[in-house]
Amino acid sequence: MEAKRQQKNRRHYLLESLLRLQHITEVRTFLLAEIRSLLSIQSAGICLWEGNTSFFEIWDHAEKRKEKFPVYNPFFLYLSENEAPLFKSELEDYLIPESQEYESAKEFFHITNSEFIIPMVLNKSLVGLIFVREFSQSKLTHNLSDEIEELCIIAMMAISNAHLYGRLQSVLNGLEEGVKKRTQELEEAQAQLIQSEKMAMLGTMVAGIAHEINSPAGAILACIENLEKDMRFLMDHTTEFADKFSHEQRNSLRNITKYIISEVVKNFASVSPRIFRLKKKAEEFLSSLDISVASELAEIIMRNGLYKGNIQNFNLSIFQKTPALREILFLFQGDTKENSKLKIKFLQKTIYSVRNLRSIKLQIKHITDLVSALRTYSHHDGKGRKLGDMNKTIENALSIIKTIHRKRLPEIQKNYSTLPPILCNTGELHQVWTNLIENGIHSMESQKTGNINITTSLQKKFGMEWVVASFSDEGEGIDSDIIDKIWDPFFTTKTQGKGTGLGLGIVRNIIERHNGRIEVESQSQKGSKFTIYLPPYKTS
């Protein structure tokens with residue numbers, strides 16, 4: 001417990017220290033000290049993209065030297081796409097010998113006299129890399145890998161802020177370039193700050209997202225294995241079936257199969273006491289019709305919705321009037337037990353195959369929805385705005401939130417209205433909703449119960465029409481004497497290590513840039529409510 005507390009305090013100290021640093025030289029010094037401490041080594045260096053230049057520059061405190069590499073170095077381009085740490089001893093496992101990437105990698109390891117490198121990649125672009133000497137592959141444990149990954153995320157925030165600081169300095173030193181250029185630089189600074197906040201959130205999401213993707217991936221693998229078995233059976237017995245049964249019987253089975261594929265899966269019912277009772281009645285009825293596989297056939301009929309009438313009216317007339325059931329009578333009535341069992345197997349395997357395919361489709365959709373939501377959240381699309389659906393952007397934000405708070409997510413009550421489109425930057429709106437929902441969750445952490453309520457509507461207020469979203473929680477609330485301070489940069493009511501205080505300031509800034517408004521109502525120990533007003537898109 002003490003070790004975890006110390007680790008948490010160290011992470012908070014590291015984050016605060018890096019956010020305070022303003023010059024790239026200070027960032028490099030601090031990062032090298034941290035990596036030496038983390039890996040228990042004496043010698044390490046860092047290679048960073050030098051802002052507006054087209055080179056990466058090595059900064060090696062131990063050897064007091066500088067070396068430059070062009071940004072289009074083949075090895076660096078490879079690291080942009082394959083961002084995992086890499087040992088010198090692994091080069092031939094990952095790179096083709098004598099290729100440009102391989103030769104460039106050998107040159108880099110030779111020049112830096114390193115054994116291990118840790119790339120820092122942001123949005124598929126290499127920001128820099130750390131190289132380490134005298135470090136063996138056996139020392140790289142799972143926990144150490146996680147700590148290295150976390151350090152890299154924080155490092156990229158610091159590097160981004162350092163470059164941002166340099167650009168702001170240039171703006172201040174070049175006032176003669178005019179108001180227009182200064183405004184543009186400040187907008188870029190705000191975008192960088194928003195992206196830094198996103199990166200901090202994405203670091204928290206990693207474990208949850210891995211779980212959310214691994215679970216459906218495991219289900220897909222199981223379905224594929226079952227599908228292979230079922231298809232193997234169908235293929236192995238196709239000739240036997242063709243030899244044993246008449247053309248009319250084969251057509252009958254084909255018709256039932258078509259019906260199963262188009263209708264049965266959507267009507268599938270799980271095992272329940274009611275289904276069990278219906279199955280028993282159906283089995284008795286089918287046995288009376290000289291059907292030797294009455295039990296198996298009854299389960300197929302009842303579990304897959306082939307029979308949709310009142311079970312009390314289960315009679316021959318109903319069977320003859322229903323196409324699928326009429327085919328079943330023709331196929332099974334009076335047939336031998338051996339032949340009937342083979343037909344049942346064909347039906348079962350067909351049903352299982354269709355169910356497995358449907359399950360694969362649903363699980364893949366779950367993964368693609370999650371990846372789409374994550375891509376939208378992390379994507380930095382600058383000033384670009386397009387028509388968007390407020391309800392959909394909130395749902396995408398909730399997809400991300402659920403990956404972070406799987407085990408402690410409070411009940412979320414949603415009340416969406418049909419809304420006109422809004423002209424918006426969807427990535428920025430995702431960050432607004434994520435911040436507001438996260439704040440609500442944190443405010444209720446000490447409680448065992450409580451809801452977050454999300455409501456959207458179309459309202460007339462302030463003399464015009466608005467698309468409105470409100471987020472209310474039942475948490476600790478905000479004291480009246482500090483409620484006006486919540487928008488100030490770096491002001492936070494969260495406990496140490498829970499936040500930087502940038503969230504609500506960014507939220508208000510984004511809403512105002514969208515020509516909107518934001519209001520807050522809160523009382524201590526009675527919860528908070530944030531209401532956002534955005535103008536609907538109107539065609540001329």
Side-chain angles (χ1 to χ4, degrees), residues 1-19 27 30-41 44-46 79-90 93-94 114-124 126-160 195-215 217-218 367 370-371 374 377-378 400-408 438 495-500:
M1 191 62 133
E2 179 63 18
K4 287 185 178 179
R5 187 182 67 79
Q6 290 178 354
Q7 185 183 30
K8 179 179 178 182
N9 289 339
R10 178 183 170 278
R11 288 173 182 165
H12 182 69
Y13 164 73
L14 177 61
L15 179 61
E16 283 194 331
S17 299
L18 287 173
L19 286 175
V27 173
F30 195 96
L31 287 177
L32 283 179
E34 281 299 314
I35 199 69
R36 288 198 296 267
S37 172
L38 180 63
L39 300 181
S40 301
I41 58 173
I46 190 167
L79 292 176
S80 297
E81 296 295 328
N82 304 271
E83 50 194 73
L86 183 66
F87 283 89
K88 180 180 179 181
S89 59
E90 294 177 321
D93 296 335
Y94 293 95
S114 54
E115 296 294 328
F116 178 51
I117 64 167
I118 305 162
M120 293 179 287
V121 179
L122 178 63
N123 290 338
K124 293 295 183 184
L126 187 67
V127 176
L129 56 88
I130 298 168
F131 55 91
V132 175
R133 304 184 183 94
E134 301 175 347
F135 185 79
S136 65
Q137 197 164 355
S138 61
K139 294 180 181 179
L140 188 62
T141 64
H142 179 74
N143 289 337
L144 188 56
S145 293
D146 290 344
E147 290 189 52
I148 290 172
E149 183 178 7
E150 185 174 34
L151 176 63
C152 285
I153 291 172
I154 297 173
M156 285 188 285
M157 292 172 58
I159 293 167
S160 295
Q195 195 71 359
S196 295
E197 182 80 356
K198 282 186 180 181
M199 290 304 300
M201 180 67 73
L202 286 172
T204 308
M205 294 176 188
V206 170
I209 291 170
H211 174 84
E212 289 294 322
I213 291 179
N214 281 337
S215 294
I367 292 175
L370 176 62
V371 171
L374 181 62
Y377 178 84
S378 61
I400 299 297
I401 293 291
K402 288 173 184 176
T403 69
I404 308 174
H405 302 282
R406 296 191 313 276
K407 297 181 180 178
R408 55 187 181 89
E438 278 280 311
T495 56
Q496 189 176 27
K498 288 291 186 181
T500 62

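Every heavy atom of this structure was used, including side-chain atoms; hydrogens, water molecules and symmetry mates were not. These figures come from a predicted structure and were not determined experimentally. Here, residue 1 is the first one in the sequence, and each next residue gets the next number.
- When all heavy atoms are compared, the tightest approach of E134 to I41 is O-CG2, 4.1 Å.
- In terms of heavy atoms, P119 sits closest to C152 at O-SG, 4.1 Å.
- Residues L140 and L39 fail the side-chain proximity criterion, which asks for heavy atoms closer than 4.5 Å.
- Interatomic distance, CG of L144 versus CD of E149, reported as 12.0 Å (0.5 Å rounding).
- One distance of note links OG of S114 with CG of L86; it measures 9.5 Å at 0.5 Å rounding.
- Heavy atoms only, all atoms of each residue included: F87 and S136 are closest at CE2-C, 3.6 Å.
- You'll find the side chain of Y94 stays beyond 4.5 Å of the side chain of N82, heavy atoms only.
- The shortest non-hydrogen separation linking I46 to F131 is N-CE2, 3.5 Å.
- Closest of all the heavy-atom pairs between L129 and M120 is N-CE, 3.9 Å.
- Considering I130, I118, N143 as possible partners of I148, the one that fulfils the side-chain contact (heavy atoms from CB on, under 4.5 Å) test is I118.
- Here the rule is side-chain hydrogen bond (donor to acceptor under 3.5 Å, both in side chains) with Q137, and of E90, E115, K88 only E90 fits it.
- Considering OG of S37 and CG of L32, their distance stands at 12.5 Å, rounded to 0.5 Å.
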